[in-house]
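Heads up, the thing below is written out as structure tokens.
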Number of protein chains: 2
Amino acid sequence: MSRKIYVSAKEVAERAGVSRSAVSRTFTPGASVSAETRRRVTEAAHELGYHVNHLARGLMRNESGIVCLIVSEMDTPYRASLVRALTRRLQSQSKVAMLINTDRSDSSVDQALKQAISYRADASIILSGMPDRSITDLCLRSGQRLVLINRDEDRDGALMINLDDQEAARRALSAFLEAGCRSFAFANSEVMTPSLMAREVGFQAAAREKGLEVTVERYGSTTYQSGVVLAERMLEREHRPDAIFCANDLIACGVMDVARHRYKLAVPEDLCVIGFDNIEQAAWSSYQLTTFAQPVEEIAVRAVEWLSDHRPVEIHSHRLGTQLIWRGSVREAKS
Amino acid sequence: MSRKIYVSAKEVAERAGVSRSAVSRTFTPGASVSAETRRRVTEAAHELGYHVNHLARGLMRNESGIVCLIVSEMDTPYRASLVRALTRRLQSQSKVAMLINTDRSDSSVDQALKQAISYRADASIILSGMPDRSITDLCLRSGQRLVLINRDEDRDGALMINLDDQEAARRALSAFLEAGCRSFAFANSEVMTPSLMAREVGFQAAAREKGLEVTVERYGSTTYQSGVVLAERMLEREHRPDAIFCANDLIACGVMDVARHRYKLAVPEDLCVIGFDNIEQAAWSSYQLTTFAQPVEEIAVRAVEWLSDHRPVEIHSHRLGTQLIWRGSVREAKS
DNA sequence: GGAACGATTGCACACGCTTGCAAAGCGGGT
DNA sequence: ACCCGCTTTGCAAGCGTGTGCAATCGTTCC
């Protein structure tokens with residue numbers, strides 16, 4: 001099966017009886033072509049099924065139109081929705097997403113960034129892991145733009161988009177307090193992403209300000225199964241918490257299921273739960289989880305608008321707010 | 001911010017004191033280079049941060065290494081897991097996934113395929129929608145490989161991967177029968193994908209063979225919310241079904257939640273439910289949904305192995321089996 | 001009619017890479 | 001010493017574009 005079958009501008013030019021440059025210009029917005037030439041070219045192109053070769057164009061322009069999304073566990077609800085929002089946004093700016101899957105290891109993120117470089121991506125958006133500084137430097141030096149989402153470490157020249165996790169944690173605590181809760185716990189994974197840690201630390205700090213203690217438990221990664229284990233550990237105890245703030249909606253779902261099915265606790269009467277992310281399942285009637293909504297759409301907008309912003313960049317960091325979505329996993333305030 | 005900052009093979013060659021071809025060959029597996037030259041080149045390359053330009057390489061070789069994944073609603077659990085499996089698999093073959101989001105419309109799929117052509121993708125994998133024949137023909141003529149997953153329509157030269165939906169539907173019916181169910185329903189969306197329809201038709205046909213009737217209800221798309229509406233319609237009736245086969249796990253979750261919370265039915269005692277896909281949530285203890293597992297990994301393997309298979313292709317179609325995962329949403333057979 | 005001017009167009013080079021081809025190097029066998 | 005065969009290397013052509021530059025064309029104005 002031969003392969004050099006794509007039709008080229010040259011063939012279109014011959015068919016249309018014009019020079020090759022005319023073809024090129026026809027497909028270059030803002031170039032100078034007469035209406036007649038353009039017509040003949042587009043016609044010939046259509047007949048032959050010609051499409052500009054973006055690889056060659058990228059070679060010339062030093063601008064491939066490719067943006068790499070570097071992400072691990074992308075089948076997780078929150079990640080998936082973010083990836084979707086980003087690809088949509090990119091497409092609307094006539095860029096295209098190259099999806100690179102990593103495991104949690106930073107070395108695989110390094111590997112992914114090298115891929116990005118090889119394909120001369122205009123930018124890379126990192127949703128998981130933290131690459132080595134030498135690699136990010138290389139990216140930046142190569143003229144690539146870099147966006148870090150929810151990774152706190154600094155990289156000069158990269159755009160960092162973060163949430164106000166601490167603020168959210170404080171709100172969570174006051175929601176619990178208004179509901180009359182007395183004993184607080186935080187259910188975390190062992191992943192220790194800065195943003196996850198900020199939730200934990202923020203929750204603890206807010207409690208301490210009120211003279212309250214928080215039991216922190218950590219286990220595994222940010223999954224439903226971890227939530228199951230965490231809940232078992234927490235609810236086994238003598239003094240069970242009556243309020244659990246979870247690093248994550250998935251964990252929260254696991255916690256709720258164990259609380260209800262295994263310990264026969266009623267949510268929110270016996271136990272209040274707050275999650276984070278507002279994944280789709282949080283709204284399902286089995287959970288009705290009160291949680292913080294990540295501004296996924298806004299994250300995508302900010303990330304992508306920064307990519308196409310050709311001015312020398314000033315703002316390198318956004319801290320976006322989250323919205324507390326009230327559902328049924330926290331008691332109504334006693335009025 | 002200037003842009004032509006990527007280091008090229010020429011610079012590496014100068015630094016290493018060799019010809020530019022030597023550099024090229026160093027990075028071409030199987031090319032003839034002496035150990036010494038290779039060493040000097042890799043060293044220089046490393047120092048300068050050189051990475052082969054895949055755009056230019058693709059231009060020469062007529063092989064970009066890019067594979068387009070064309071998909072709608074990719075934040076849906078099943079889709080997300082498939083996308084993940086595919087990207088992983090592709091990466092392991094040192095290909096890379098370009099992710100294109102479409103809405104349900106076929107025209108947006110056409111658009112996506114044109115993108116694929118523009119980037120000279122080696123192949124396109126279509127997970128949603130059905131593109132116009134003229135476009136797929138163009139793709140094939142251009143030497144692009146095409147994989148259609150779960151879309152039944154024929155396209156000569158494309159690989160089609162389907163599930164044995166009908167067979168699964170039959171198994172669902174006999175599972176219900178063994179559980180002693182009497183009144184059967186099928187909860188479908190209005191999407192009418194061939195594969196969804198096969199489940200419906202297969203279920204109905206199997207029932208008819210036993211002289212039984214199936215109530216079919218269709219609504220919306222294949223989401224949790226549709227499941228909610230479908231369940232309301234079905235359970236409102238005089239004669240409620242005591243067995244519902246759902247086109248989809250998401251629908252099944254919606255159905256179960258409505259059955260339990262709104263109609264106070266016990267699953268599986270009052271109502272048996274079977275889903276399809278085996279999404280992660282099906283295993284959550286709030287659902288414990290008995291469902292058919294799609295062989296996601298195998299789909300990915302088959303799709304990708306076909307892409308790198310350079311022999312003239314013979315087999316153009318796979319029909320893969322599904323596995324019934326027994327959980328708690330169907331009664332045990334009375335022994 | 002001629003000049004001046006702007007809009008089009010074609011030529012040719014550049015982008016960074018691969019690869020066929022021929023020249024060069026190297027070693028061994030006679 | 002010579003020749004043969006194999007490996008290594010450099011040269012240069014080509015992949016499909018974009019674009020600066022100069023040439024051409026058509027129009028308007030005096």
Side-chain angles (χ1 to χ4, degrees), chain A residues 2-42 44-45 48-66 117-122 142-143, chain B residues 2-42 44-45 48-66 117-122 142-143:
Chain A
S2 56
R3 268 194 157 286
K4 37 172 52 187
I5 333 186
Y6 280 104
V7 22
S8 75
K10 188 172 153 202
E11 302 171 52
V12 177
E14 280 163 10
R15 173 154 193 139
V18 297
S19 83
R20 213 183 44 71
S21 343
V23 178
S24 190
R25 285 192 245 266
T26 299
F27 292 99
T28 304
S32 160
V33 204
S34 73
E36 171 61 8
T37 315
R38 157 163 279 130
R39 197 191 55 72
R40 296 171 61 184
V41 170
T42 31
L48 294 175
Y50 170 75
H51 293 261
V52 179
N53 185 333
H54 273 53
L55 267 46
R57 169 180 282 182
L59 197 54
M60 273 301 302
R61 291 216 180 131
N62 269 315
E63 193 174 327
S64 59
I66 296 175
I117 292 178
S118 287
Y119 277 101
R120 298 304 188 256
D122 297 339
S142 306
Chain B
S2 57
R3 268 194 157 288
K4 38 171 55 186
I5 333 187
Y6 281 104
V7 22
S8 74
K10 188 172 154 202
E11 302 172 52
V12 176
E14 280 164 10
R15 174 152 192 141
V18 299
S19 82
R20 215 171 46 69
S21 349
V23 178
S24 191
R25 286 193 245 263
T26 299
F27 292 100
T28 303
S32 159
V33 204
S34 75
E36 171 61 9
T37 315
R38 158 163 281 130
R39 198 191 54 72
R40 296 171 61 184
V41 169
T42 31
L48 295 174
Y50 169 76
H51 292 261
V52 179
N53 185 332
H54 273 53
L55 268 48
R57 167 178 284 182
L59 197 53
M60 271 301 302
R61 293 219 180 127
N62 270 315
E63 191 173 328
S64 59
I66 296 175
I117 292 178
S118 288
Y119 276 99
R120 298 304 187 255
D122 297 339
S142 307

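Within every chain, numbering begins at 1; the chains are lettered A, B, ... in the order of the sequence lines, protein sequences first and strands thereafter.
- At least one side-chain heavy atom of A/Glu36 sits under 4.5 Å from a side-chain heavy atom of A/Arg39.
- If you take NZ of B/Lys10 and P of D/dG10, they are 16 Å apart, rounded to a whole angstrom.
- As rounded to whole Å, 19 Å separates atom C1' of D/dG16 from atom NE2 of B/His54.
- Side chain of A/Glu14 to main chain of A/Glu11: no donor-acceptor pair is present (N/O by atom type, distance under 3.5 Å, no hydrogens or angles).
- Within the structure, a side-chain polar atom (N or O) of B/Ser32 is placed less than 4.0 Å from OP1 or OP2 of D/dT8.
- Side chain of A/Ser118 to main chain of B/His54: no donor-acceptor pair is present (N/O by atom type, distance under 3.5 Å, no hydrogens or angles).
- Between the CG atom of A/Leu55 and the P atom of D/dC15 there is a distance of 15 Å, rounded to whole Å.
- Of the residues near DNA chain D, B/Val18 and B/Met60, the one whose nearest nucleotide (by heavy atom distance) lies more toward the 5' end is B/Val18.
- Across all strands shown, A/Val33 has heavy atoms under 4.0 Å from sugar-phosphate atoms exclusively, and none from any base.
- Distances from the side chain of A/Thr28 to the nucleotides D/dT19, C/dT18, C/dG10 place D/dT19 closest.
- Side chain B/Arg120 to base D/dG16: no donor-acceptor pair is found below 3.5 Å.
- Counting only heavy atoms from C-beta outward, the side chains of A/Thr28 and A/Val52 never approach each other to under 4.5 Å.
- Not one side-chain nitrogen or oxygen of B/Ser34 sits closer than 4.0 Å to the OP1 or OP2 atom of D/dT7.
- Remark: B/Ser21 is not in phosphate contact with D/dT9, judged by side-chain N or O atoms under 4.0 Å from OP1 or OP2.
- Among the nucleotides D/dC15, C/dC21, C/dT18, the one closest to any side-chain atom of B/Leu59 is D/dC15.
- At least one side-chain nitrogen or oxygen of B/Tyr50 sits closer than 4.0 Å to the OP1 or OP2 atom of C/dC17.
- Computed from coordinates, the B/Glu14 CD to D/dG10 C1' distance equals 15 Å when rounded to whole Å.
- One finds the CZ atom of A/Arg57 at 10.0 Å from the CD atom of A/Glu63 (value rounded to the nearest 0.5 Å).
- As rounded to whole Å, 13 Å separates atom C1' of D/dG18 from atom CD of A/Glu63.
- Neither OP1 nor OP2 of C/dG16 sits under 4.0 Å from any side-chain N or O of B/Ser8.
- For A/Asn62 and D/dT17, the CG to C1' distance is 13 Å, given to the nearest whole Å.
- Out of D/dG18, C/dC17, D/dG16, the shortest distance to the side chain of B/Ser24 is found at C/dC17.
- Between A/Thr37 and the phosphate of C/dT9, there is a side-chain N or O to OP1/OP2 separation shorter than 4.0 Å.
- Counting only distance, with no hydrogens or angles, the side chain of B/Arg20 and the backbone of B/Lys10 share no donor-acceptor pair below 3.5 Å.
- Between the side chain of B/Arg38 and the base of D/dT8, no donor-acceptor pair under 3.5 Å is found.
- Separating the CZ atom of B/Arg20 from the P atom of C/dG20 is a distance of 15 Å, rounded to the nearest angstrom.
- Atom CZ in B/Arg57 sits roughly 5 Å away from atom P in C/dT18 (whole-Å rounding).
- Residue A/Arg25 places none of its side-chain N or O atoms closer than 4.0 Å to OP1 or OP2 of C/dG10.
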